[in-house]
Every structure is written in structure tokens, then in C-alpha cells.
Amino acid sequence: MTEAPKTPQIETRLATAEDLPELEANETAKTKGHSASYLEKQAAGGYYVVVGLIDGKVSGRVILDTVQDDGTPLVPEMKLLWVFPQARRMGLGAKMTQHLEELARELGYEEVFLGVTPDNPAAIPLYIGLGYTPTGDHRSALNMSVIDGEGEGTDDPVEAIYRKSLLMR
Ligand SMILES: CC(C)(COP(=O)(O)OP(=O)(O)OC[C@H]1O[C@@H](n2cnc3c(N)ncnc32)[C@H](O)[C@@H]1OP(=O)(O)O)[C@@H](O)C(=O)NCCC(=O)NCCS
């Protein structure tokens, strides 16, 4: 008798230094060395690295940035959402985003902002499905939030700003 396929176990939590090897092993040419700097910023405060695990293996990350230091007035900002290619469409991106929102609520925030390039075919349906809406504002995306984008990109990418109220569940 063939066994039914096992449902993957998804877990989300704040990253620790022990996650660094797995994060580094999945860096791309564009993000080489970045995982260590994200964890350093987390240690400095106001910057939270949420990791997602599938069956115990780190398979993605997203960051909640509450420090207004990158020239954009979006606080708090969700940035650098990235699910490793082999782990996509299993619900991890949505689960990590929800973990980040809960964290923002616990920190006392009533909204979350993010920037996304208008041609991102995966992220936009994800955000819309989770209740984010475009504010109508745009920004030049030179703050590195598009480094995980997988297209060719341009020298001066523009992001649309989205917002979600955390007051409604
Ligand atoms: C965007 C990204 C994080 C989505 O992660 P994921 O774990 O695959 O997403 P989920 O499995 O949680 O998907 C939740 C919902 O989002 C939407 N979605 C996700 N990927 C999609 C795709 N490729 N096309 C259309 N809709 C998509 C769907 O509505 C999906 O629900 P469904 O699977 O029940 O249809 C992932 O594709 C990724 O890392 N992309 C590269 C980096 C990036 O673009 N990050 C965002 C920067 S703003």
C-alpha cells in the first residue's frame, strides 16, 4: 500500500546566529554576504529577521525594519521577503508575513508598509491576498528591497508602496 504524501511542517520564528549557515548556503550572487549583515542589524535592535522553516530546514526569510535610516519614511517596513526557489507555493511566504505582522502588533504598530516592483508576478497576488493595498505612492528602489528580484531589473527600479492596517484581523 502506498503511503499518502506527508504534509510539510511549516514553522516561523526570529532568526538566530545558528541559522546563518543555512541562510548563507542559499544566498544568490546578488545577496552574497547579506545574511550576516541582516543578523548584525538584528543584534543592534529595531530590525527583525523572521525565518521560515519547512520540515525543520530554513527555507526563507523576511525582515521587519522599524528603524528609519534608509531615506524612506515607511515605518515599520516589511522588506526582503524571500522564499528559497525549491520551497515556493507551500504557504511559507504567507506564513512568514503573518508572523511579521504579529510581531509588528506586539511592538505597538497599527500598520505595515512595503515596496514592491509593479511587475512582480508572485509577490503582488500574495500581498493582495493578505490584505495589503497600494497607497498610490512610489519610490525609487535603491534601498535594496529589490535585490531578491529574479528578473533582469533596471538600474533605477521603481516600487509601488503598499500598506496594511493591523487593526483588523
Ligand atoms: C513572492 C514569494 C515570497 C512568495 O512566496 P511563497 O512561499 O511561494 O508564497 P505562498 O506559497 O505563501 O503563496 C501564497 C499566495 O500568494 C500567491 N502567489 C505566490 N506565488 C505566486 C506566483 N508565482 N504566481 C501567482 N500567485 C502567487 C498565491 O495567491 C498563493 O496562494 P496559493 O498558492 O494558494 O495560490 C516568492 O515567490 C519569492 O521569494 N519570490 C522572489 C523574491 C520576491 O519577489 N520577494 C518579494 C519582494 S517585494
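Side-chain atoms are counted along with the backbone in the values below, which use heavy atoms only and exclude waters and symmetry mates.
- In summary, Lys57 and Glu22 do not engage in a salt bridge, as defined by a charged side-chain N under 4.0 Å from a carboxylate O.
- Nearest heavy-atom pair across Val75 and Thr66 is CG1-O, 3.7 Å.
- Rounding to the nearest 0.5 Å gives a distance of 10.5 Å between OG1 of Thr117 and NE2 of His138.
- Between Leu14 and Gln42, the closest heavy-atom pair is CD2-OE1, 3.9 Å.
- From Lys32, atom NZ reaches atom NE2 of His34 across 10.0 Å, with rounding to the nearest 0.5 Å.
- Note that the OH atom of Tyr127 and the CG atom of Leu114 stand 5.0 Å from one another [nearest 0.5 Å].
- If you run side-chain hydrogen bond (donor to acceptor under 3.5 Å, both in side chains) between Ser35 and each of Glu24, Arg61, Glu27, Glu40, only Glu27 comes through.
- Nearest heavy atom pair, residue Val112 against residue Ala104, reads CG2-CB, 4.0 Å.
- Rounding to the nearest 0.5 angstrom, the gap separating the CD1 atom in Ile54 from the OG1 atom in Thr12 is 11.5 Å.
- A distance of 6.5 Å separates CG of Leu64 from CG of Leu107, quoted to the nearest 0.5 Å.
- Counting non-hydrogen atoms of other residues, nucleotides and ligands closer than 6.0 Å to NZ of Lys164 gives a total above 12.
- Taking both residues in full, the closest heavy atoms of Gly45 and Val67 are given as O-CG2, 3.8 Å, listed atom of the first, atom of the second, then distance.
- Counting all heavy atoms, side chain and backbone alike, Leu74 lies closest to Arg139 at CD1-NH1, 3.3 Å.
- No more than 12 heavy atoms of other residues, nucleotides or ligands lie within 6.0 Å of CD in Glu110, so this atom counts as exposed by the packing criterion.
- Atoms OH and CD, on Tyr132 and Glu111 in that order, are 11.0 Å from each other to the nearest 0.5 Å.
- The minimum heavy-atom distance between Asn26 and Trp82, with the atom names listed, is O-NE1, 4.1 Å.
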